[in-house]
Amino acid sequence: MPLVSMRQLLDEAAKGGYGVGAFNVNDMEQIQAIMGAAKETNSPVIIQASRGARSFAQDRYLFHLILAAAELNPEIPIAMHQDHGNSFETCKSAIELGYTSVMMDGSLKEDGKTPASFEENVAVTKKVVDFAHARGVTVEGEIGVLGGVEDGHGAGGTGLEHVTDPDQAVEFAELTGVDALAIAIGTSHGAYKFSKKPDGSVLKMDVLIAIHKRLPKTHLVMHGSSSVPKDLQDVINQYGGKLKETWGVPVEEIQLGIRNGVRKINVDTDNRLAMTGAIRKVLWTQPEKFDPRDYLKPAREAMQKVVAQRMTQFGQAGHAGDYQAVSIAEIAKGYKDGSLSTKPLVAR
Ligand code: G3H
Ligand code: 13P
Ligand code: ZN
């Protein structure tokens, strides 16, 4: 199957009442781990690259690695997504490369650190929507600000400093016409999200539910959704690592989100932990090893295991064969003739 529009993939997920994991990639092994898991569980999938990933791997390497994944797995719908675009130019360059979806994260200014005003966010996101939709490309926006800092991106602080205001979410969706909307409900990027297991009073699931009620057809996105499992932390620490005790987002909370309009769930940290633990274990227990394949193979396997587990937990497993790809040109027509507009779908 050629790469598919993320809009198509999320519309199908909404029909089926499941969520789709969006997994970050920087290299071949991570892409192979995701595809191994997608094949194993028969899942559609979103492969996403941050700005940091694009510069680490170089655009064309990463792009062609993801194309190879599509070529080798024609039965799996794959959306290629720019994660946390910081400007119109970043999103434009991804679209011109051939990404089928972009996130314009206008919740922060272009520096990726300073919270932006509502008006600034609307203006830059709308500009990306106009450019992207004319080319059949999906747009995810963000309203509210996540906690933490990853790769220099993030406002810092806890996830509860800029929780999304439902009224603003509705206004933002109407003014921009985004296909998917990332909301801030108390999660943060990275491993250090919570210092105790979060319960309903920490994660603002009530805000998520309120937004979904008013924007029933806008696909909600949960960022910072790694669960940071204790067993993955333990492997790292057992083999010389120094992670402090920490908690992530419980899978049950994500599943509650999925029952209330969450269609895209971003996971990066869990895969980083899995790969690093596997690599540490080889280097610690077999210090004579020096062939990268001796540690990259277990790392890839460890990541595949986590991704397959998430695909099952999010409900996307078993859905790869539900539909055929609609061409990006057809999707562009749908935006032009209004049939893919989300605007009339806002419930008052
Ligand atoms: O947004 C956060 C993702 O985990 C990507 O992280 O910017 O370090 O590649 P990164
Ligand atoms: P985690 O750090 O929780 O994996 O979040 C990843 C993310 O939101 C990428 O955009
Ligand atoms: Zn994110």
Side-chain angles (χ1 to χ4, degrees), residues 6 19-27 30-31 33-34 45-59 62 79-87 90-91 94 99 101-108 110-113 140-159 162 164 180-194 198 202-203 220-229 232-233 243 246-251 253-254 257 262-276 303 306-307 309-311 313-314:
M6 189 169 84
V20 182
F23 303 101
N24 289 76
V25 296
N26 301 271
D27 59 32
Q30 291 179 314
I31 294 169
I34 294 167
V45 69
I46 300 162
I47 299 184
Q48 61 185 10
S50 67
R51 279 189 299 138
R54 285 177 59 188
S55 95
F56 169 79
Q58 295 182 16
D59 269 341
L62 207 52
M80 193 194 299
H81 177 75
Q82 161 79 60
D83 190 24
H84 291 287
N86 65 323
S87 64
T90 299
C91 294
Y99 281 54
S101 180
V102 293
M103 175 187 195
M104 178 59 236
D105 181 358
S107 70
L108 299 173
E110 197 169 331
D111 66 4
K113 290 178 175 54
E140 172 186 342
E142 177 166 325
I143 184 83
V145 183
L146 258 75
V149 178
E150 277 294 281
D151 197 24
H153 185 102
T158 74
H162 303 276
T164 305
L181 184 60
I183 55 172
I185 53 162
T187 65
S188 309
H189 288 121
Y192 299 105
K193 301 182 195 299
F194 306 109
V202 176
L203 277 172
L220 299 183
V221 183
M222 277 177 72
H223 279 245
S225 290
S226 278
S227 300
V228 196
L232 296 183
Q233 297 178 42
L243 288 177
T246 177
W247 277 265
V249 181
V251 168
E253 298 290 339
I254 297 171
V262 170
R263 299 290 159 233
K264 173 172 182 276
I265 304 105
N266 283 21
V267 174
D268 186 0
T269 297
D270 284 352
N271 294 326
R272 292 176 172 186
L273 293 171
M275 290 187 93
T276 299
M303 174 163 162
V306 173
V307 174
Q309 196 182 25
R310 294 291 174 273
M311 286 172 159
Q313 291 163 331
F314 299 161

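Indexing begins at 1, ligand by ligand and atom by atom, following the structure's order. Computed from a predicted structure; not experimentally measured.
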Within a distance under 2.8 Å of the Zn ion (ligand 3), the protein atoms of type N, O or S are H84 NE2, H189 NE2, H223 ND1
For ligand 1, which atoms sit closer than 4.0 Å to a heavy atom of [X]?
X	value
D83	1 (O), 3 (C)
D268	3 (C), 4 (O), 5 (C), 6 (O)
H189	1 (O), 2 (C)
N24	3 (C), 5 (C)
S50	5 (C), 7 (O), 9 (O), 10 (P)

Going by the 4.0 angstrom heavy-atom rule, the piece of H84 near ligand 1 is side chain
Answer yes or no: does an N/O atom from [X] fall short of 3.5 Å to an N/O atom of ligand 2?
X	answer
V267	no
S226	yes
N24	no
H84	yes

Checking M104 against T90 for the side-chain contact (heavy atoms from CB on, under 4.5 Å) test, could you report, in this order, the C-alpha distance in whole Å, the side-chain angles of both residues, the deciding distance, and whether it holds? CA-CA 9 Å; M104 178 59 236; T90 299; over 6 Å; no
- At a 4.0 Å cut-off, with the gap strictly under it, does some heavy atom of R272 reach an atom of ligand 1? yes
In Å, rounded to the nearest 0.5 Å, how long is the span from [atom1] of [X] to [atom2] of [Y]?
X	Y	atom1	atom2	result
Y99	I47	OH	CD1	10.0 Å
Q233	D270	CD	CG	9.5 Å
D268	Q48	CG	CD	7.5 Å
M6	Q82	CE	CD	11.5 Å
S227	K193	OG	NZ	8.5 Å
H81	E140	NE2	CD	4.0 Å

Out of D83, N271, T269, the nearest non-hydrogen contact to atom 9 (C) of ligand 2 is supplied by D83
Nearest heavy-atom approach of C91 to G85 is SG-CA, 4.2 Å
Within the 4.0 Å heavy-atom cut-off, what A191 brings close to ligand 2 is neither
Open item on the list: side-chain contact (heavy atoms from CB on, under 4.5 Å), that's the test. Do N24 and N271 meet it? Break it down for me.
Closed with: CA-CA 9 Å; N24 289 76; N271 294 326; over 6 Å; no
Atoms in ligand 2 with a heavy atom of [X] nearer than 4.0 Å:
X	result
H223	8 (O), 10 (O)
G224	1 (P), 3 (O), 5 (O), 7 (C), 8 (O)
K193	1 (P), 2 (O), 3 (O)
G190	2 (O)

_Assess the residue pair R310 and I254 against the criterion (side-chain contact (heavy atoms from CB on, under 4.5 Å)); give the C-alpha distance rounded to whole Å, side-chain angles, the decisive distance to 0.1 Å, and a yes or no._
CA-CA 10 Å; R310 294 291 174 273; I254 297 171; 6.0 Å; no
Assess the side chains of N86 and E110: does a donor N or O sit below 3.5 Å from an acceptor N or O? no
**Asked** Among side-chain atoms of H223 and E142, is any donor-acceptor pair under 3.5 angstrom?
**Response** no
Salt bridge (Lys or Arg N to Asp or Glu O under 4.0 Å) filter on D83, not counting sequence neighbours, yields none
Take the angle between the ring planes of F314 and F23 and call it parallel below 30°, perpendicular above 60°, tilted in between. parallel
